[in-house]
Amino acid sequence: MALNDLLSIAHLTPKEIRQIFQSTEAIKTTPRDFATALAGKSVVLLFEKPSLRTRVTFDLGATQMGASCVYLDHQGVRIGERESVKDMALNLERWVQLIVLRTYSHRVVNEFAEIASVPVINGLSEWSHPCQGLTDYFTLTEKVGDDLRGFKMSYVGDGNNTCHSLIFGAAKLGAHITVGVPKGYDPDPEVLKLARKDAKTTGAKIQVVYDPYEAVSGADAVYTDVWASMGYEAETERRREIFSAFRVTKKLMKEAKKGAFFMHCLPAHRGDEVDAAVIDEKGSIVYDQAENRLHTQKGIMFELVTNAG
Ligand code: CP
Ligand code: NVA
């Protein structure tokens, strides 16, 4: 695969996504076959924000494939403060073969990728969360089969980074996605524009509505995420009021198809964006998603480091 970085699903072709899914499946099925795939390589995780899943799964994933991993945490790192992004990138590329970033600004991810000669993976920016989106669609292929064309995904809540990656993923894979948001919390129009361009060739349908029941109607999967993403904590109370009608409840799930999956990238706030009765019960596949972060990111690292060029 001639992919140099993973900054956004928007940059991937459907073929590249399928290739990542194939590697992920192989790695998940026979992890021992990949135990030395990254032997002698080093990975740095440079995180400006907290993380459980992304941090643990990249660290374990790299280690399980024979690489060593260094984590720079969100308390110690303020990217661009102690030295320029350029100097950070030009130092790190001398020591590591892969850089995983979690940043406040997507611009920083792009800048790192432009400067560093080694692959850069976006481990979440305020604009996108591609490792999450890829994991989520990989998880769905395990549940319903490889062909996600026509699969009806419904995303309810904030038009945020996770939402953007789900939109891009649907567009590339020919799935349908209906996003239900309060007015003013829409996904970025640029994301919709790019995704709708891809949708013309894949047959995906991308819709934004302002009524949660309309968004969920007939869905195969209902997805939500926190109402106040990292960086927006000061808006938590205000958002709690604005978003309350968008909480995923049992009543809302009834609008979806019978047996519809419930999905969440986690961390979840029970009682805010989702009721415990939905996330903790049958139909919820949130821990399958969380487990697959490990396998999918191993697939991504494998593709970027060993199959590049
Ligand atoms: N879903 C996700 O990225 O989780 P963390 O913020 O814990 O990494
Ligand atoms: N939208 C959330 C995702 C966390 C994994 C955030 O950015 O905080």
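Counting begins at 1 with the first residue of the sequence. Just follow the structure's listing: the first ligand is 1, and inside any ligand the first atom is 1. Only this structure's heavy atoms are used, side chains among them; waters, hydrogens and symmetry mates stay out.
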Six-ring centre of F47, R55 cation under 6.0 angstrom, axis tolerance 45°: no
Testing the basics here: between [X] and [Y], what is the closest heavy-atom pair and its distance to 0.1 Å?
X    : Y    : value
H129 : T162 : CD2-OG1, 4.1 Å
I9   : S165 : CD1-O, 3.5 Å
A268 : V274 : CB-CG1, 4.5 Å
N161 : S128 : CB-N, 3.5 Å

Are any of the N/O atoms on [X], whether in the backbone or the side chain, positioned under 3.5 angstrom from an N/O atom of ligand 2?
X    : answer
C265 : no
K49  : no
S229 : yes

Within the 4.0 Å heavy-atom shell around [X], which atoms of ligand 2 are there?
X    : value
L124 : 3 (C), 4 (C), 5 (C), 7 (O)
N160 : 1 (N)
L266 : 5 (C)

Pair N292, Y287: side-chain N/O donor-acceptor within cut-off below 3.5 Å: no
R102 and T54 side chains, donor-acceptor separation under 3.5 Å: yes
Under 4.0 Å to a heavy atom of C265 - the qualifying atoms of ligand 1, by number: 1 (N)
Element-labelled atoms of ligand 1 that are located less than 4.0 Å from some non-hydrogen atom of L52: 5 (P), 7 (O), 8 (O)
Ring centroid separation F262 to Y223 under 6.0 Å: no
Among all protein non-hydrogen atoms, which one is nearest to [atom], and what is the separation to 0.1 Å?
atom                   : value
atom 6 (O) of ligand 1 : R102 NH1, 2.8 Å
atom 3 (O) of ligand 1 : H129 NE2, 2.8 Å
atom 8 (O) of ligand 2 : M230 N, 2.8 Å
atom 3 (C) of ligand 2 : D225 OD2, 3.6 Å
atom 4 (O) of ligand 1 : R53 NE, 2.8 Å

Any V208 side-chain heavy atom under 4.5 Å of V181 side chain: yes
Heavy atom of L266, distance to ligand 1 below 4.0 Å: yes
Ring geometry between F34 and F302 (parallel below 30°, tilted from 30 to 60°, perpendicular above 60°): perpendicular
Side chain, backbone, both or neither: the part of R293 lying under 4.0 Å from ligand 1 by heavy atom: side chain
Residue part near ligand 2, for N161, under 4.0 Å between non-hydrogen atoms: side chain
